[in-house]
Each structure stands twice: as C-alpha cells, then as structure tokens.
Amino acid sequence: MDNKPAILNGRAVFDKRLPIIRPNVDKYVEKELLKDISAVLNSNMLTSVDIKLKKFEEELENYIGVKHVIGVSSCTSGLILSMQALGLRNSEVLVPAFTFSATVHAAYWNNCKIRFVDIDRETFTISPEEVEKNISPETKAIIAVHMYGNPCYIERLQEIASKHNLKLIFDCAHALGSSYQGKKIGQFGDVEVFSASPTKLLTTIEGGIVATNNTELAEMLKIDRNYGNYPDYSCKRPGLNARMSEINAVTGLHQLKDLDKYVENRNSYVDKFKKELKNIQGINFQIIKEGNVSTHKDFGFTVNENEFGLNRYELARALNAENIMTKFYFYPPMHKLDAYKEKAEYNDLKNTELVSNNVICLPIYNFMDEETINKICKAIIRIHKFKTEVKEACK
Ligand SMILES: Cc1ncc(COP(=O)(O)O)c(C=O)c1O
C-alpha cells in the first residue's frame, strides 16, 4: 500500500502541506531585525527620510555594480515609472506573452500599444529572432523578462535595440542575485526593475528596486516615486506614491548580505532535483546558458504528456495528494488573459503556448534540507511508476 502514490490511497510523502514558497525573514527576527524596526518606529522617521532606504540603495549599487538604485513600492510601480521616464507613453512596445501580468500592466498604464512576442522554448525567455520579426516603424521599446531568474539573451537584445534605436527594459522581478556572463543582473539595458515581494529570494515584504546607469533617469525616478513633486509641491510630472518605506528598506538590508548564499543554495537544490529526475522521460528542464547564473526564483519544467504518461494537471493533482503544492507559472499566457486578449496584437506564439500549457513549478526555498528534495523526487518517481493508474484516478 505504502509504495503506491497517495492519489491511489498510498501514504502521502509529506504529513503536512509543503508550500510552494517560503520567505525566510523570520530568520532575521532574532538577528537585530526587530531592533532595527523598533528604532525606525521610535524615530518617527518612517518614509521619505532617506536613512535606511539610502543605505539599502547604496548597498544594492555595490552589490549589483550599477551607478544608481532607486527603491520603490513594487516592481510594478518601478516599471510604470521607468517607462514614463524613458518617454514611452503612447508608444508601441514588445513584451513576451509568457510572463506575469504586471509586466504588461506597466505598458498598459503608459497607454502603450502592446505587441506580444514569443519566447525561446529552452530558456523560457523572449526570443531575439521573434523580437526582430515583430519590430515595426512604430516600435519604441523591448521589455524582456529574466524568467524565474534565468538571464535572457541580453547581448542579442542589446544589439537589436541599438540597431533599431529602441529602449531596452528588463523586468528582472525574479533575478536579484542572477548574473550574466559574470556580471550581476541590474546593469544592463536602459533600466532593470526587480521585485522584492514575498515570493522573491530577498523580500522587503512589498517592494521594488530600479537599477540604471543613466543618471538623468535615476534623478527623474527619485522625483516620480514621490508623486512627481519637485521642488516641494511643484509637480514636475504625473508621478505615483511609489516610495519604499524605511521599514521595508531595513528588512531588505538584513537579507542582502546573505543573498549570494540563497542563490548558491538554490542552484545546488536545482542540481539535486535534476540529478534525481534525470532518468524520467518527458520532463524538460529550463535551460540556463553556459556562463549564466539563475536565482531559480522558481523551479519549473515542462511535462511532455506523451513521454511522461501524465499531463501537468494530473501530475499536479497527484502531487497535491502527496501534500506537495505546485504552481503553473505562468498560465494562462498574456494573450489569453481577459485583461489583454482584446487589447494586444501578436502573431505566432507557439513556444509560449507550449511552455505555458505544460509548465509546472515545484517548491523551492532559500533554505531546504536534502530530505525534502529527496521526498519530492521520490513522490514524482512513484507517481510516474504508477502513471496508468494515476491517469485513471484523475478521470
Ligand atoms: C515577471 C514579473 N514582473 C513583475 C512582477 C511584479 O512584481 P511586484 O509584485 O513587486 O509588483 C512580478 C511578480 O512576481 C513578476 O513575476
């Protein structure tokens, strides 16, 4: 009985539900974080004072190796303001259809004409060839996403952007700690925007981090995150309240010193997952190109039903019975969302559909023990062994 998967009435591999993500801010509570938060509260200097936030920004500038970092309220607000500051309002932009809605929302809130572009099926990132095919005389920018932290084809995109005089924006929501050919993500394109929400390696609870080498852009963003007010209440541009508070900044500061360790850990966990699952047919891992490092904010692979014997819905159901939570990051793809299906244009998105319709993400955290990974793999191997019965049970 115990050899059978839980969906076939075997014993679940985990007694308690294993969540898909696990922020680790709790590790810092004992280590001065509460003291620092109390100090902020006691000072009554809560926001717009540039004390902890300035320190966080400076440390990030050093960590990334970029001239300017601007802390904001979220990656979404950072993208919206960056696009406005780059003069992209009302223009046509190219965006991958395989992403999270916020990438596209940023274009929407700038009243842009949105054109979805296909991804490369190996890396799950925007395909430079497809970008070139979709450029029109109206196109003004490319927004690329480092999917799950996997750096996109940066050099190719830079060449295309400069050849066609386009702005290049990287949505690097997942990629704080990733690197491209030995250089940290955050120093490329016109601007790169990270997320520090709770699903990310480093979280400020909610928050975003804009990185750029463009001093003029950085100065604009510092004004625009504060309603666009400058000086005082003379409003220069329509901005947002997109500030990062002192408490958010101090929370991020505590984790920054350990970020590289998180990345190293996640890479070793992914190696372990891959090693354990390598003999199972029909599981296709996201490919990280030689010389690049991904944060593995998510660990996702596509399931080929013909080879694996189950589709990703059946696998997810069977894993759920084992108390293992999974997610389909990102499904539906952007061109199928109610919000955008009538509002955007696109041609062929076959790789987007293939990946989005078959991807499944497993739990991965900054700190995981080997036993947890072994148990997840054991569950998958067992489900695969009983695939015919599992398929039947899912009917
Ligand atoms: C690709 C991508 N872009 C943007 C965002 C938005 O980030 P935030 O929640 O910080 O606004 C997310 C959120 O996870 C994301 O996955």
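As the structure lists them, so they are numbered: ligands from 1, and atoms in each ligand from 1. On a predicted model such as this, the values are computed, not experimentally measured, just so you know.
Taking every heavy atom of T99 and a limit of under 4.0 angstrom, the matching atoms of ligand 1 come to 1 (C). Each of the atoms 10 (O) of ligand 1 lies under 4.0 Å from some heavy atom of G207. Residue contact check: T103 has heavy atoms under 4.0 Å from atoms 1 (C), 3 (N) of ligand 1.
Here T76 has heavy atoms under 4.0 Å from ligand 1 in both its backbone and its side chain. Using a 4.0 Å cut-off between heavy atoms, H174 contacts ligand 1 through its side chain alone, with no backbone atom that close. The proximity of A102 to ligand 1, defined as any non-hydrogen pair under 4.0 Å, is limited to the side chain. Contacts between K200 and ligand 1, counted as non-hydrogen atom pairs separated by less than 4.0 Å, involve the side chain only.
Every residue was checked against the salt bridge (Lys or Arg N to Asp or Glu O under 4.0 Å) condition with D26, not counting sequence neighbours, and none meets it.
Pairs of residues two or more places apart, or lying in two chains, that qualify as ring-ring contact (aromatic ring centres under 6.0 Å, His included) and include a residue from residues 79-109 are F100-F330, H105-Y340.
A cation-pi geometry, defined here as NZ or CZ lying under 6.0 Å from the six-membered ring centre and within 45° of its normal, holds between K184 and Y63. For the pair K200 and F194, the cation-pi test (distance below 6.0 Å, angle within 45°) is failed.
For K54 against D50, the heavy-atom pair with the smallest separation is CB-O, 3.2 Å. Residues C361 and G300 come closest through the heavy atom pair SG-CA, 3.7 Å.
A distance of 11.5 Å separates NZ of K236 from CG of N229, quoted to the nearest 0.5 Å.
Among all protein heavy atoms, the one lying closest to atom 12 (C) of ligand 1 is F100 CD2, 3.3 Å. The protein non-hydrogen atom at the shortest distance from atom 7 (O) of ligand 1 is C75 CB, 3.3 Å.
Here the side chains of I126 and E130 are not in contact, with every heavy-atom distance at 4.5 Å or above.
Residue F330 places a heavy atom under 4.0 Å from ligand 1.
Checking only distances, D171 does come within under 3.5 Å of ligand 1, N or O to N or O. An N or O contact shorter than 3.5 Å links S195 to ligand 1 by distance.
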